[in-house]
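If you read the sequence from its start, that first residue is 1, and numbering goes on from there.
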Amino acid sequence: MSLSRDQFEKREDVLQRSLSERQMIMIGLGSAIGTGLFMGSSLTIHYAGPGVLFSYLLSSLIVLAMVFCLSRLSVIHPTAGSFGLHAETYLGSWFGFAVRFTYWAANAIVIGGEATAIGLYMKYWFPGLPSWIWIIAFSLLIIGINAISVQSFGWFEYWFSTLKVVAVIGFILLGIALIFGNGTQSTHYLLAYGGFLPHGWKGVWMGSAMAMFSFMGTEIIAITAGEAKKPKQALTRAMKWMVARLVIFYLLSTLVMVCIVPWNQIGGEQIQESPFVKVLQSLHIPYAAGVMNFIILTAALSTMNANLYACTRMMFSLSKSGYAPAVFGKVNRRGIPLMALIVSSFGLGVAVLLNLFDPQAYNTLFGISIFGGIFTWITIFLSYARLRRKKTGKASVLAWAGAVLLVLFLLTMLLNQAWSFAIYTGFCWLFLLTLIYLAKKGVQRSQSVHPEQ
């Protein structure tokens, strides 16, 4: 299926263009600075130890390559369908169908993961109350914010994101002051307990696979292009500054953690508490741990807010492409695709059920969502590689290198007993999508051969 540029923009350009460049940057940060950093960094440190710095550095390079490719694609096609429409145009209709549904489902699961994290955060103050109560309460709040208007979404996301960015900066500054105040003691924990690479380069590589989840959400800024005031002018600048800030925040905050507290006391395969809170508790600063717990709770709300927005717009795009029921492509008088918003909230229901029956609900949701994010990024790399081949006749080494590294991450997780279930689940999902896609194509062919009289 080959679409012209005009067809691209006309098909989906029915949303209100109300988001500023500043809001776009904060939405991107809001999606990417969430439980991936505040909770998921525990897993990354568990696998890599102090070598987590190399893990985040490698992941950062892949993210930079992905953002470069996506920004080039999005400047040409600034639509809500974003990489879904890019894949449809440059790779074919199956890729467009599969990546949009996979991204939609994965982000819905991420929303459930963020809600589950909120349940864990609330246990800091209310240890006796079950998590599902908090999941339901905060889920209704986020759905309400997204249902009002895109301006309300952008406003809330801006301030949610601002709060957690300020918190991360404050954590880094406090850590740097403590590190330099302790002199040579500041490097002791980097080399103790097995050395800087306690699990070798294998641990760094596995840590990089886990770190990929932390950066997932950076692609959401391309989705906002469909509702940005000046998408082509703002998109490249917003993506560049957002990624630069993310890399700095992740590298410096993890450096602070592994310098102040032994890495084997921060990281763990079974996540029950934020490593940020653990670090502040170890310092015995009055109220600091409670304040940080409140801030990372708002960070989870921010990521829920941003990912529900992304899910809603992706379902809207699927409907406009004819892959989902037409009702999901309709907007109300406030410019909100309300039915797409409602169906995109299914991950919150999954979170409630898992928290009733699975004590490790967060890990389960974390693993499943990783596959969807990596598959989406692979598709972005392949779309750009095809675009470059069409425009210049040359292969994109950057895009192919990024795609190969991501495939290797998936294979690594497949061979790891703790995470293989997520990859098998992802492959089963793609197989199911392929069956649905073929069935839909068969119906369309039948209708074209035997049109209704």
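Interatomic distance, T312 OG1 to N146 CG, rounded to the nearest 0.5 Å: 6.0 Å. Annotation: the span from I45 atom CD1 to M210 atom CE amounts to 14.0 Å, rounded to 0.5 Å. Distance check, rounded to the nearest 0.5 Å: CG of L435 to CG of L430 gives 11.0 Å. Summarising the geometry, atom OG1 belonging to T102 is positioned 13.0 Å from atom CD1 belonging to I374; distances are rounded to the nearest 0.5 Å. Within the model, atoms OG1 of T298 and CH2 of W159 stand 13.0 Å from one another, a figure rounded to the nearest 0.5 Å. The distance from atom NE2 of H199 to atom OH of Y47, rounded to the nearest 0.5 Å, is 9.5 Å.
For T376, the side-chain hydrogen bond (donor to acceptor under 3.5 Å, both in side chains) test picks out no residue, with sequence neighbours left out. Under the ring-ring contact (aromatic ring centres under 6.0 Å, His included) criterion, F427 pairs with F371, sequence neighbours left out. W134 pairs by the ring-ring contact (aromatic ring centres under 6.0 Å, His included) definition with F126, not counting sequence neighbours. Residues passing the side chain to side chain contact (heavy atoms under 4.5 Å, CB included) test with W201, sequence neighbours excluded: F54, L197, V204. Residues passing the side chain to side chain contact (heavy atoms under 4.5 Å, CB included) test with S345, sequence neighbours excluded: I143, L308, L348. Applying the side chain to side chain contact (heavy atoms under 4.5 Å, CB included) test to K440 and every residue at least two apart in sequence or in another chain returns Y323, Q444. Scored by the side-chain hydrogen bond (donor to acceptor under 3.5 Å, both in side chains) test, S319 finds no partners at all (sequence neighbours excluded). Residues satisfying the side chain to side chain contact (heavy atoms under 4.5 Å, CB included) criterion with T412, sequence neighbours excluded, are W205, M206. For W400, there are no ring-ring contact (aromatic ring centres under 6.0 Å, His included) partners at least two apart in sequence or on another chain. Every residue two or more places apart in sequence or in another chain that forms a side-chain hydrogen bond (donor to acceptor under 3.5 Å, both in side chains) with T434 is listed here: W94. Listed by chain and residue number, nothing satisfies the ring-ring contact (aromatic ring centres under 6.0 Å, His included) test with W132 (two or more places apart in sequence, or in another chain).
In this structure, the side chains of W419 and N416 come closer than 4.5 Å at one or more pairs of heavy atoms. For the pair W263 and F196, the minimum side-chain heavy-atom distance is 4.5 Å or more. Residues V63 and V67 meet the side-chain proximity criterion, which asks for heavy atoms closer than 4.5 Å. Considering only heavy atoms from C-beta on, F328 stays 4.5 Å or farther from P337 through its side chain. Side-chain contact between L341 and M315: absent, with no pair of heavy atoms (C-beta onward) separated by less than 4.5 Å. Looking at heavy atoms from C-beta onward, F409 lies out of side-chain contact with I370 at the 4.5 angstrom threshold. No side-chain heavy atom of K330 sits less than 4.5 Å from a side-chain heavy atom of L338. A 4.5 Å side-chain heavy-atom check between I436 and F101 finds every atom pair outside the cut-off.
Checked options V404, V407, V99, L405; the residue passing with I378 is V407 (criterion: side-chain contact (heavy atoms from CB on, under 4.5 Å)).
When all heavy atoms are compared, the tightest approach of A48 to P198 is O-CD, 3.7 Å. Minimum heavy-atom separation, S344 to A340: OG-O, 2.6 Å. Contact between I336 and R313 at its shortest, heavy atoms only, is CD1-NH2, 3.9 Å.
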For the pair K441 and L438, evaluate side chain to side chain contact (heavy atoms under 4.5 Å, CB included) and give the outcome as yes or no after the intermediate values. CA-CA 5 Å; K441 285 295 182 182; L438 293 175; 5.6 Å; no
Yes or no on side chain to side chain contact (heavy atoms under 4.5 Å, CB included) for I118 and I135, after CA distance, side-chain angles and deciding distance? CA-CA 7 Å; I118 287 176; I135 293 172; over 6 Å; no
Y103/F375 under ring-ring contact (aromatic ring centres under 6.0 Å, His included): CA gap, chis, key distance, verdict: CA-CA 8 Å; Y103 184 78; F375 177 74; over 10 Å; no
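Distance alone, capped at 3.5 Å, places no donor-acceptor pair between the S208 side chain and the S59 backbone. In this structure, N305 contributes its side chain and L301 its backbone to no donor-acceptor pair below 3.5 Å. Listed for the S253 side chain is a donor-acceptor partner under 3.5 Å among the backbone atoms of Y250. Put simply, the side chain of T89 never gets that close to the backbone of H86: no donor and acceptor are under 3.5 Å apart.
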Pairs under 3.5 angstrom only: tabulate donor-acceptor contacts from the side chains of residues 381-388 to other protein residues two or more places apart or in another chain.
from	atom 1	to	atom 2	distance (Å)
S383	OG	T379	O	2.9
R386	NH1	Y90	O	3.0

